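Remember, it's 1-based here, ligands and their atoms both numbered in the order they're listed. By convention here, the first residue in the shown sequence is residue 1. These figures come from a predicted structure and were not determined experimentally.
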Amino acid sequence: MLKALSSLLPSGDEGPQLPRKELLEKYLKDSRYGDKLKRLMSIKVLYPNNLMAKHFDFGYFDGLSDSMKGSLLTVCNSGIENEDSGMGCYAMQPEDYDRFKPFFSKVIADYHRVPEGKVHINDWSLAGVRGIPAGGKLDLSLLGLPPLSMRVRVGRNLADFPLPGAMTKQDRLNMETKMCQAFAKLIAMSQYGGRYHSLTPGHKDHISDAEYQNLVKSHLMFKNMADDPYLATAGISSDWPHGRGCYVSADKGFIIWVGEEDHLRIMCMKTGTLLNEVFDRLKAALDVVESIPGLQFAKSPTFGYVTSCPTNLGTGMRASVHLKVPNLTADGTDKKAKAVCKPLGLSVRGMGGEHTPIGADGTVDISPSARFCIKEAEIIVALYKGIKLLKEREEGKGDNPLCGLVNAAKENPAAAVAGVCVGALVTGLVITRLGRAKK
Ligand code: ADP
Ligand code: CIR
């Protein structure tokens with residue numbers, strides 16, 4: 001086996017790190033772990049983008065107790081069963097990020113492109129964030145845009161339950177009951193009052209399938225997770241639809257999902273031009289939810305807010321708008337929009353969220369990709385700046401380096417002047433060297 005895998009490895013130092021032969025043989029023969037580890041080994045070689053497999057270290061695994069070994073393989077199961085995973089693992093317990101730190105810190109550093117060991121800091125204060133317009137208003141109308149559908153969500157998990165991948169059916173029902181007690185408090189408040197919609201058969205707030213489909217169509221409720229192979233193999237969609245539902249305020253602008261990839265996805269949505277409205281409302285709502293007795297969100301001293309998927313760790317925040325980009329989507333796909341958005345640090349999704357098609361009129365869901373080791377305030381400003389740049393690209397402007405310089409000058413004149421000086425210096429050096437080389 002080792003020989004066969006080794007022959008597939010690229011030459012040089014760049015290939016995946018394979019375990020020592022004795023270690024590999026020991027584990028591949030072990031009936032408790034052999035099958036999973038065999039698959040993992042071949043993924044390591046054949047799917048270099050699967051970060052779980054890339055950073056799975058047999059030496060580290062060998063040093064764990066039997067029960068920790070089993071737990072780590074459960075964490076890795078989604079990426080072992082879905083070799084095309086980009087991440088490939090989900091935490092099962094709020095403590096997993098800290099108890100499997102040697103594994104998770106590598107995966108997290110690689111995905112979020114931050115140095116290993118960097119500590120996450122949460123901060124919603126917009127004051128002093130780079131690139132924020134004077135007055136602090138993130139007003140899309142100043143960019144020449146009409147009212148857009150704006151949404152900011154955070155993933156949150158309750159500290160006293162296992163994460164969704166490890167919950168029993170009873171855990172899911174207990175968590176929903178606990179949240180319904182919290183919702184009673186929100187219902188009594190004028191800013192947040194509304195109702196809960198449950199998918200749990202027999203629940204007093206149970207809704208029909210048609211009502212559920214309407215909520216999904218209105219972007220208020222999540223899709224059937226059982227259809228997602230990554231969530232299914234992580235155990236996250238188990239027991240569907242028990243313990244699942246959503247709380248929606250009377251004005252439909254404040255929503256809490258219960259029982260999706262995280263225990264809670266808490267969000268504010270509105271069609272408008274002022275991004276501050278959804279951002280500020282969400283912060284105020286989170287303070288209220290977090291102050292309800294008995295609700296304690298899982299948080300790590302190193303990693304910030306704990307989420308099932310390491311991609312959401314830290315802030316758990318995704319801030320998005322639905323933006324029409326007909327030129328960038330003229331071929332009916334999001335291919336060009338994605339290529340343009342990637343270097344801008346933006347993700348492109350479809351009109352029904354992740355893995356759904358774009359709108360027929362070229363509307364896409366745009367959000368900053370970063371969630372970890374970035375402040376919440378920086379994410380919402382990154383959305384504003386990203387929309388501005390994307391609009392320029394859509395209009396055929398701003399795709400040459402000079403435009404970048406002009407934008408930088410508007411934002412930070414001193415830095416732009418420094419940039420021009422460094423550029424001139426480098427150009428001068430190159431010309432001098434070329435001149436010397438000719439002689
Ligand atoms: P998440 O944002 O929680 O990671 P998805 O990408 O699956 O999950 O999106 C969930 C739902 O939220 C989908 O119905 C999606 O269309 C909707 N949504 C996301 N952003 C917006 C937005 N700016 N306006 C309206 N709906 C949105
Ligand atoms: C994967 O590893 O590809 C899936 N578990 C999904 C990862 C998280 N989602 C994402 O990047 N948007």
Side-chain angles (χ1 to χ4, degrees), residues 43 47 49-55 75-91 107-108 110-112 140 147-156 164-165 212-225 227-237 246 248 252-253 255-257 260-262 264-273 275 277-279 282 307-313 315-324 338 346-359 363-372 379-380 383 387:
I43 296 169
Y47 293 85
N49 295 330
N50 183 324
L51 297 185
M52 174 281 298
K54 178 176 172 188
H55 295 292
V75 161
C76 298
N77 196 53
S78 181
I80 295 175
E81 295 303 322
N82 300 281
E83 55 268 84
D84 65 345
S85 292
M87 173 48 74
C89 51
Y90 291 96
V107 165
I108 290 164
D110 195 341
Y111 180 85
H112 293 282
L140 300 173
L148 302 180
S149 181
M150 314 176 289
R151 174 181 182 262
V152 185
R153 64 87 164 149
V154 293
R156 291 287 185 268
Y212 167 61
Q213 296 304 341
N214 263 333
L215 287 172
V216 174
K217 228 185 281 165
S218 321
H219 308 284
L220 298 172
M221 179 53 171
F222 48 98
K223 302 186 289 283
N224 184 337
M225 310 146 71
D227 298 337
D228 182 322
Y230 305 96
L231 297 180
T233 47
I236 292 175
S237 55
C246 69
V248 183
K252 297 190 168 48
I255 302 131
I256 302 183
W257 290 354
E260 207 232 13
E261 184 181 298
D262 293 303
L264 309 175
R265 287 271 164 103
I266 307 178
M267 65 205 79
C268 285
M269 246 167 56
K270 182 178 180 171
T271 297
T273 57
L275 290 174
E277 286 181 337
V278 272
F279 182 78
L282 181 60
T307 52
S308 279
C309 184
T311 60
N312 281 315
L313 205 59
T315 58
M317 177 181 279
R318 193 169 86 84
S320 61
V321 292
H322 282 170
L323 183 69
K324 210 160 130 180
K338 277 189 168 159
L346 297 172
S347 301
V348 179
R349 294 186 180 186
M351 289 302 284
E354 199 166 25
H355 308 136
T356 62
I358 64 170
T363 302
V364 292
D365 167 329
I366 299 293
S367 58
S369 315
R371 321 238 189 282
F372 179 66
I379 293 180
I380 197 75
L383 177 62
I387 294 168

Find out whether His355 and Lys223 are in side-chain contact, i.e. whether some heavy atom of one side chain is under 4.5 Å from a heavy atom of the other. no
Tyr212 and Asn224, any side-chain heavy atoms less than 4.5 Å apart: yes
Side chains of Tyr47 and Asn82: donor-acceptor distance under 3.5 Å anywhere? no
Residues at least two apart in sequence or cross-chain that pass side-chain contact (heavy atoms from CB on, under 4.5 Å) with Glu277, listed by chain then number, are Met150, Lys270, Leu274
Looking at side-chain heavy atoms only, is the closest gap between Val75 and Met52 below 4.5 Å? no
For Asp227, which residues count as a side chain to side chain donor-acceptor pair (under 3.5 Å) partner, sequence neighbours excluded? none
Atom pairs, nitrogen or oxygen, ligand 1 to protein, under 3.5 angstrom:
residue  : atom   : partner : partner atom : Å
ligand 1 : 2 (O)  : Arg151  : NH1          : 2.6
ligand 1 : 2 (O)  : Arg318  : NE           : 2.8
ligand 1 : 2 (O)  : Arg318  : NH2          : 3.0
ligand 1 : 3 (O)  : Arg151  : NH2          : 3.3
ligand 1 : 3 (O)  : Arg153  : NE           : 3.2
ligand 1 : 3 (O)  : Arg265  : NH1          : 3.1
ligand 1 : 4 (O)  : Arg153  : NE           : 3.4
ligand 1 : 4 (O)  : Arg153  : NH2          : 2.8
ligand 1 : 4 (O)  : Arg349  : NH1          : 3.0
ligand 1 : 6 (O)  : Arg318  : NH2          : 3.2
ligand 1 : 6 (O)  : Arg349  : NH1          : 2.6
ligand 1 : 6 (O)  : Glu354  : N            : 3.1
ligand 1 : 12 (O) : Arg151  : NE           : 3.4
ligand 1 : 14 (O) : His219  : ND1          : 3.1
ligand 1 : 16 (O) : His219  : ND1          : 2.8
ligand 1 : 16 (O) : Met351  : O            : 2.8
ligand 1 : 16 (O) : Gly353  : N            : 3.4
ligand 1 : 20 (N) : Ser320  : OG           : 2.7
ligand 1 : 20 (N) : Asp365  : OD2          : 3.3
ligand 1 : 23 (N) : Ser149  : O            : 3.0
ligand 1 : 23 (N) : Ser320  : O            : 3.2
ligand 1 : 23 (N) : Ser320  : OG           : 3.2
ligand 1 : 24 (N) : Ser149  : OG           : 2.6

Pairs of nitrogen or oxygen atoms, one from ligand 2 and one from the protein, closer than 3.5 Å: please tabulate them with distances.
residue  : atom   : partner : partner atom : Å
ligand 2 : 2 (O)  : Gly86   : N            : 3.4
ligand 2 : 2 (O)  : Met87   : N            : 2.9
ligand 2 : 2 (O)  : Gly88   : N            : 2.9
ligand 2 : 3 (O)  : Gly86   : N            : 2.8
ligand 2 : 5 (N)  : Tyr90   : OH           : 2.7
ligand 2 : 12 (N) : Glu354  : OE2          : 2.3

Taking 4.0 angstrom as the limit, do Asp365 and Arg318 come out as a salt bridge? yes
With under 30° as parallel and over 60° as perpendicular, where do the rings of His219 and His322 fit, or are they tilted in between? perpendicular
Does one side chain, of Ser367 or Ser347, offer a donor that lies under 3.5 Å from an acceptor on the other? no
